[in-house]
Structures are given as structure tokens and as C-alpha cells.
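One structure is given below, encoded as C-alpha cells.
We name chains A, B, ... by the order of the sequence lines, and we start the count at 1 in each one.
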Amino acid sequence: MTDIRVRIAPSPTGPLHLGTARTALFNFLFARHTGGTFIFRLEDTDQARSTEAFELDILEGMQWLGIRWDEGPGIGDEPERGAYGPYRQMQRLPRYAEAAAKLLAEDKAYYCYCSPEELEAERHRQEAAREPSRYNGRCAHLAAAERAAFDAEGRRPVIRFRIPERRVIAFDDIVRGHVEIDTNALGGDLVIVRSDGTPLYHFTVAVDDAAMAISHVIRGEDHLSNTPKHILLFEALGVPIPQFAHLPLILNPDRTKMSKRKSQTAVAAYRAEGFIPEAFVNYLALLGWSTGTEEEVLSEAELIERFNLSTVNSAGAVFDRERLIWLNGQWIRRLAADDLIDRLRPYVAGELAAGRIDWLPTDDEMHALMPIIQERLPTLASIGDLIGFIFRNDVDADVALLVPKRWDAATTATGLEAARATIAETGKGSWDAHGLEEPLRRLVEDRGWKAGDLFMAIRVAVTGRTATPPLFDTMVALGCGRTLARLDRAIEKLAGQATPNP
RNA sequence: GCCGCAUUCGUCUAGAGGCCCAGGACACAGCCCUCUCAAGGCUGAGAUCAUCGGUUCGAAUCCGAUAUGCGGUACCA
């Protein structure tokens with residue numbers, strides 16, 4: 001059996017895309033499951049659209065996801081790894097030139113002098129005539145003199161690869177089964193080298209997959225129709241044909257191929273929102289594949305152990321953000337407290353930078369908060385909403401929220417004053433949740449109130465909001481002095497409200 | 001237009017001829033827990049398995065046609 005070698009080959013013409021990440025993950029899982037090699041190759045031959053910034057985003061995104069390659073470019077100053085390099089296509093130009101020369105020499109490819117305008121016109125004619133669009137082969141058999149004449153005109157030729165007519169290309173796709181496509185549907189002879197001499201995708205992918213001894217080509221379904229071109233190229237190059245596995249597409253809610261116009265496709269954006277890689281990888285793995293069991297929350301190691309290419313689904317899958325959020329919460333809850341605090345740190349710093357909090361909590365303060373916030377964080381970025389009020393100089397409690405539904409402003413003022421006295425008294429001793437709750441519950445009982453009403457009034461006074469982590473722990477985090485100050489401020493506000501105001 | 005692929009609850013999926021008048025999860029609703037919000041537990045609603053025809057004693061599962069959707073059809077990847 002030949003060695004299993006798979007690859008992800010993104011092109012740095014945009015930030016790391018969700019779909020690319022998913023394809024990378026499936027390649028990675030397959031390689032790890034089978035003990036094969038996972039290769040990363042940058043397809044940067046589209047010089048007009050490729051940028052270094054996108055390249056960096058892709059490298060960092062992959063690193064963040066924990067999708068580690070055995071061979072491929074290094075990140076930053078790190079050297080590239082692997083014996084089949086270089087792993088950037090722009091550094092492999094001589095190899096494509098060599099392959100093109102070989103095809104030319106064997107008359108499997110030829111120079112074509114048709115201009116983009118002529119091609120365009122021909123396409124329009126075919127469209128109008130309702131013919132399938134394909135290259136008409138005008139330059140397929142040019143005599144040396146004709147070529148010389150075009151050269152003299154200053155025309156810069158492209159190189160076209162000859163696509164045989166009426167031949168059925170068949171292959172057995174690991175996820176889709178047997179597929180047959182007639183070469184007549186391929187659009188005629190294929191441009192493999194641009195007039196500026198740079199190679200095109202279908203060509204480079206075949207040359208590199210062969211050179212890098214790729215055994216399984218695992219990629220998106222959008223390449224299914226292009227596969228015969230690659231098979232033809234492999235044949236012409238005289239190299240073995242790899243196995244293919246075409247993954248289902250990730251879809252927008254309207255079931256079209258996921259695009260940035262309709263959905264958030266940048267992996268970095270999900271990272272910024274506070275999704276954690278464990279959850280993201282878990283979610284992506286379950287888009288188009290499942291273990292066949294009822295397990296849903298799976299670690300990387302578990303995914304690797306269970307992964308199987310042949311049980312990948314063939315139908316496209318809509319990206320479901322709600323489910324991602326749920327999984328993220330599952331994973332956040334499983335984190336060790338110190339780990340979660342580390343991961344939260346940049347988001348807390350972001351709150352400060354945005355002016356939503358006035359100072360940074362200490363690690364000890366964060367640690368104390370963990371038991372009450374860990375199960376309340378759908379994403380890391382939601383930390384500000386959850387506990388930001390603790391780290392602000394003051395909060396502005398809305399009077400309308402301050403007064404519980406069953407109470408009026410006067411009762412609320414009375415309640416808060418009584419609570420303030422009780423809390424102040426407690427503060428002289430131990431300042432802990434149990435120590436606060438007990439006397440306050442006694443107070444409620446003595447006055448014949450409902451606990452919920454008093455507690456809600458205190459909650460709003462002290463936090464400015466109606467939904468918070470548990471009240472007594474929250475007051476503990478706030479400290480006695482600031483709790484009392486906020487109560488005083490709320491009582492003042494209520495007093496202002498109580499004044500008749502026609 | 002031509003070619004290809006797909007089609008099970010709103011969504012992700014289980015299902016490889018009898019175990020399925022279809023199971024799980026997210027979302028949704030109700031209840032329990034409860035100081036609010038979460039989390040957790042329980043319950044519920046939600047799928048004529050795209051349609052039609054065939055094979056078979058028996059089909060969500062196999063075959064064919066139709067419909068619909070998507071993808072491809074570049075000197076993009």
C-alpha cells in the first residue's frame with residue numbers, strides 16, 4: 001500500500017474561509033487517523049489577488065484551529081518543513097515551466113494566440129446560438145509560419161492542453177461513488193499557462209499533487225466537475241492518479257454555497273467573537289460528517305479516532321450558528337478555570353480599550369468569579385455583558401427597572417433602605433455570599449415581602465440590569481463599599497421619583 | 001444552454017431491504033429547579049423519508065423517470 005499523503009492548498013486571495021478550514025480539517029483528520037502525512041501548500045499564482053496579509057491570516061487561522069501540517073511553509077521566521085518543497089507555488093515556477101515544455105514537446109499542449117476579446121466574442125456567439133461554450137480549437141494546429149506571424153504581430157500566446165473528444169472519464173469518488181463525465185463537457189482545450197507565463201490552477205494542482213506524491217485529493221464538491229481535467233493532466237504527465245473525495249459544500253441559510261455576502265465566512269471573525277478552537281473544530285467536523293453514534297461533543301483526539309472519509313455525507317450542509325454557539329458553551333464549561341481566565345484576558349482588555357469598563361480585574365478577582373460565570377458564557381466576547389458592571393466606577397440604574405413589578409417606588413425605597421442597613425451590618429463581619437443571603441432572607445420574612453421582589457430591586461440597584469450572575473456572589477465581587485454606594489445612589493433616585501411630579 | 005452532484009423534522013444528522021407508522025442534537029414550547037439570567041432535568045410539538053413508477057413477501061434504504069436545488073462550465077482558485 002502506498003503512503004497516505006493529503007494536502008490542503010489554499011490560495012491567499014482572501015482571509016481564511018470557513019470552507020477552507022473545514023476541508024483542511026477533514027484532510028488533517030484523515031491523515032492523523034490513517035497515520036498519513038498532512039501537507040500544506042500555498043497556491044499563490046493569482047498574483048493579482050494574492051497578498052501577504054491574507055497569507056498570514058490563513059497561516060495564523062490554521063494554527064489557531066490546531067490543524068498542524070507535517071510539511072509546508074513555516075510561520076513567521078520558522079523554516080518550511082518537508083522534503084517536497086518549496087510549498088509556495090510562486091517558488092515552484094520552474095517546475096511548471098518544465099512540465100509545460102514536456103507537454104508541448106509531446107504535442108499534448110500547444111500555443112494559442114487567440115486574444116481575450118476574440119474568445120469573448122466566440123463565447124457570446126455560442127451563447128446566442130445556444131451551443132455549449134467551449135474553445136473552438138482555432139489554434140490547435142497552427143503551422144510554424146502562422147505562429148511566426150502572430151509572434152510578429154506582438155501577440156503573446158497562452159498554452160493550451162489538448163482535451164480529447166468524446167472520451168468518458170470515470171473515477172470512484174470516496175464520498176460520492178462512481179462518477180462519469182464526458183470530455184466533451186469540459187469546454188475544449190484548457191489554458192494551462194497565461195500569456196504572461198504564469199501557470200493556472202488546474203495545471204499547477206496536477207503538477208504539484210504529482211510532485212508531492214499526493215495519494216488522496218480531499219476537497220470541496222465545487223471541484224467535482226473539474227476532476228476529469230486533472231485526471232487527463234495526470235495521464236499526460238505520466239504520473240499515477242490519486243484517489244478523490246469530494247466534500248459537501250457549506251451553505252448559506254438559503255442553501256447557496258456559503259459566501260461572505262450572505263454569511264460570516266472569515267475564521268478570524270469567529271475567533272474575535274470568542275468562539276474557542278475546540279468548539280469550532282468540533283462543529284466543523286460535524287458539518288457533513290457524523291460518528292454514526294449519538295456523540296456530539298468530541299475532542300480533536302476523539303475526532304481523529306473516529307474519523308472515516310467514506311461516511312462523509314454527500315449533501316450540502318447549512319451553517320447553523322446557533323448550534324455552534326451551543327457547542328462553544330459546552331466547551332467553555334469544560335475548560336479548567338485558569339485556562340478560561342487566560343483565554344478571557346484579551347477580551348477583557350478589549351472591554352477596557354473600548355471604554356466599557358474602567359479598570360482591569362485581577363486574576364484573583366477573575367478566579368473568584370469563575371464558578372458563577374463559566375456556565376453563563378456562550379462566547380468569550382460575552383464576558384463584558386456578563387460582568388462588566390463590576391469593573392465600572394458606577395452604574396446608572398433605570399428607575400423603571402428598579403421598581404419590581406409588584407412594588408411601587410415608595411415600597412422599593414423602603415426595601416432598599418432596609419436592605420442597605422442589613423448589608424452594611426453584614427459588611428462589618430464576613431463578606432461572603434451565604435453571610436449576605438441569610439440576613440436578607442430574614443428581612444424579607446419579617447416584613448412579609450417576596451424574596452424575588454427585594455432581590456430584584458437590589459440587583460438592579462447594584463448592577464444596573466435585570467439579568468445577572470447570582471446576586472449574593474455578585475455583591476461579594478463588588479465589595480461592601482461599592483455595593484452600599486450603588487444602593488445609596490438608587491435610593492436617591494427613587495426619592496427624586498417619589499416627589500410628586502404632575 | 002450544456003455537464004455533474006444532491007434531496008430524511010426549521011437546521012445538523014442517525015439510517016447500508018424487515019430492529020423505523022423513522023432515532024439523536026440545536027433551535028422552539030411547557031414543566032421542574034430557582035433571587036434574575038444561565039446551566040441542568042423532564043415533557044411536548046415538529047419529517048406523507050422531494051414526486052411518480054418499478055424490483056421485492058417486504059423499500060427511507062435498490063433501479064428508472066420527473067421535479068427542485070446546488071455546483072461547474074475563466075488567461076480565478
Side-chain angles (χ1 to χ4, degrees), chain A residues 9-14 20 43-46 48-50 112 114-116 119-120 123 126-127 129-134 156-160 173 176 179-182 184-188 190-196 198-202 204-205 220-228 246 248-249 251 253-257 283 286-297 311 313-327 329 333 372-378 386 437 440-441 444 450-456 458-460 463 465-472 474:
Chain A
S11 127
T13 53
T20 308
E43 305 214 328
D44 52 358
T45 56
D46 183 351
R49 294 194 300 149
S50 296
C112 167
C114 296
S115 69
L119 260 15
E120 175 90 353
R123 241 193 312 274
Q126 289 170 338
E127 213 168 289
R130 297 186 162 267
E131 291 170 15
S133 69
R134 77 196 313 264
R156 311 284 306 158
V158 300
I159 299 176
R160 280 187 191 269
D173 191 280
R176 267 146 236 282
V179 178
E180 292 186 354
I181 297 176
D182 195 295
N184 276 21
L186 265 29
L190 176 73
V191 179
I192 56 174
V193 178
R194 292 185 180 88
S195 52
D196 68 2
T198 55
L200 257 358
Y201 170 74
H202 296 302
T204 59
V205 81
E221 194 205 326
D222 43 353
H223 282 112
L224 189 63
S225 308
N226 292 326
T227 302
H246 286 93
L249 259 22
L251 274 22
D254 66 3
R255 305 203 73 89
T256 54
K257 177 176 163 182
Y283 179 73
L286 262 23
L287 259 193
W289 174 73
S290 82
T291 60
T293 67
E294 287 175 2
E295 301 168 295
E296 310 262 359
V297 183
T311 55
N313 264 320
S314 40
V318 173
F319 186 83
D320 181 1
R321 194 187 156 79
E322 292 302 323
R323 200 171 148 80
L324 206 212
I325 291 174
W326 170 75
L327 258 180
R333 265 164 246 143
I372 59 168
I373 65 174
Q374 189 154 13
E375 68 193 31
R376 280 167 240 269
L377 284 172
L386 231 202
E437 180 165 4
L440 284 170
R441 284 202 186 273
V444 162
K450 287 236 191 296
D453 292 332
L454 208 226
F455 294 172
M456 183 52 85
I458 300 173
R459 180 192 318 284
V460 175
T463 69
R465 47 205 318 168
T466 54
T468 70
L471 180 60
F472 308 105
T474 299

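Comparing B:A59 with B:G18, their P atoms are spaced 11 Å from each other, to the whole Å. Across the P atoms, B:U61 and B:G17 are found 12 Å apart, a figure rounded to whole Å. Spacing between B:U11 and B:G40 at atom C1', rounded to whole Å, works out to 24 Å. For the C1' atom pair drawn from B:G15 and B:G24, the interatomic distance equals 12 Å after rounding to whole Å. Rounded to a whole angstrom, the distance from the C1' atom of B:A29 to that of B:C62 is 40 Å. Nucleotides B:C28 and B:A65 are separated by 43 Å at their P atoms, to the nearest Å. If you take atom C1' in B:C63 and the same atom in B:A22, they sit 23 Å apart, rounded to whole Å. For the C1' atom pair drawn from B:A27 and B:C33, the interatomic distance equals 22 Å after rounding to whole Å.
Using a 4.0 Å heavy-atom criterion, one finds that A:Val318 contacts the sugar-phosphate atoms exclusively. Among the protein residues, A:Asn226 comes within range of the nucleic acid bases, having at least one heavy atom under 4.0 Å from a base atom. Within 4.0 Å (heavy atoms only), A:Glu127 reaches no atom of the nucleic acid at all. In this structure, A:His202 reaches the bases: a heavy-atom distance under 4.0 Å links it to at least one base atom across the strands shown. Counting non-hydrogen atoms under 4.0 angstrom, A:Leu249 reaches the backbone sugars and phosphates but no base. Across all strands, A:Ser11 comes closer than 4.0 Å only to sugar-phosphate atoms, never to a base (heavy-atom distances). Looking at heavy-atom distances under 4.0 Å, A:Ser133 makes contact with a base. A:Glu296 comes within 4.0 angstrom of a nucleotide base, judged by non-hydrogen atoms across all strands. Among the heavy atoms of the strands, none lies under 4.0 Å from A:Gly329. Looking at heavy-atom distances under 4.0 Å, A:Ser314 makes contact with sugar-phosphate atoms alone, never a base.
Across the strands present, B:C31 finds its partner in B:G41; the criterion is a Watson-Crick or G-U wobble pair with both atom distances under 3.5 angstrom. The base-pairing partner of B:G71, taking Watson-Crick or G-U wobble contacts with both distances under 3.5 Å, is B:C3. Checking B:A16 for Watson-Crick or G-U wobble geometry (two distances, each under 3.5 Å) identifies no partner in any strand. The partner of B:G53 is B:C63, judged by Watson-Crick or G-U wobble contacts that both fall below 3.5 Å. Nucleotide B:U48: unpaired (no Watson-Crick or G-U wobble partner with both distances less than 3.5 Å). Base pairing of B:C9 is not made with any nucleotide, judged by Watson-Crick or G-U wobble geometry with both donor-acceptor distances under 3.5 Å.
Considering only heavy atoms from C-beta on, A:Val444 comes within 4.5 Å of A:Leu454 through its side chain.
When only modelled atom types and interatomic distance are considered, A:Thr227 and A:His246 share a side-chain donor-acceptor pair under 3.5 Å. With 3.5 Å as the limit, one finds a donor-acceptor pair spanning the side chains of A:Arg194 and A:Thr198. With no hydrogens or angles considered, no side-chain donor-acceptor pair links A:Arg123 and A:Ser133 at under 3.5 Å.
The nearest heavy atom of RNA chain B to A:Ala185 and to A:Pro116 marks one nucleotide each, and the one closer to the 5' end goes with A:Ala185. Where A:Cys112 and A:Glu180 meet RNA chain B, the nucleotide closest to each residue was compared, and A:Glu180 sits on the side nearer the 5' end.
Between A:Arg194 and B:A77 there is a side-chain N or O to OP1 or OP2 distance below 4.0 Å. Between A:Asn313 and B:A14 there is a side-chain N or O to OP1 or OP2 distance below 4.0 Å. Between A:Thr45 and B:A77 there is a side-chain polar atom (N or O) within less than 4.0 angstrom of OP1 or OP2. Within the structure, a side-chain polar atom (N or O) of A:Ser290 is placed less than 4.0 Å from OP1 or OP2 of B:A14. Within the structure, every side-chain polar atom (N or O) of A:Arg123 is placed at least 4.0 Å from both OP1 and OP2 of B:U73. Between A:Lys257 and B:G69 there is no side-chain polar atom (N or O) within less than 4.0 angstrom of OP1 or OP2.
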Treating primed atoms plus P, OP1 and OP2 as sugar-phosphate and everything else as base, which nucleotides of nucleotides 30-49 of chain B get B, S or - for protein heavy atoms under 4.0 Å? -----BBBBSS---------

Tell me, for nucleotides 59-68 of chain B in 5' to 3' order, what letter each nucleotide earns: B for a base near a protein heavy atom under 4.0 Å, S for only sugar-phosphate near one, - for neither? ----------

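Minimum atom distance to the side chain of A:Thr256 is reached by B:G71, of the listed B:G71, B:C12, B:A27. The nucleotide whose nearest atom lies closest to any side-chain atom of A:Arg130 is, among B:C75, B:G4, B:G1, B:G1. Listed candidates were B:G72, B:C2, B:C26. Nearest to the side chain of A:Asp222 is B:G72. Residue A:Leu287 has its side chain nearest to B:C12 when only B:G4, B:C12, B:G71 are considered.
Ion pairing between a basic and an acidic side chain is recognised when a charged N comes within 4.0 Å of a carboxylate O; A:Asp46 and A:Arg49 show such pairing. Between A:Lys257 and A:Asp222 a salt bridge is recorded (basic side-chain N to carboxylate O distance below 4.0 Å).
More than 12 heavy atoms of other residues, nucleotides or ligands lie within 6.0 Å of CZ in A:Arg333, so this atom counts as buried by the packing criterion.
Here the C1' atom of nucleotide B:U11 and the CG atom of A:Leu324 are 13 Å apart, to the nearest Å. Atom CZ in A:Phe319 sits roughly 17 Å away from atom C1' in B:G10 (whole-Å rounding). Atom CZ in A:Arg134 sits about 11 Å away from atom P in B:A74, given to the nearest Å.
No donor-acceptor pair closer than 3.5 Å links the side chain of A:Glu43 to the backbone N or O of A:Tyr201.
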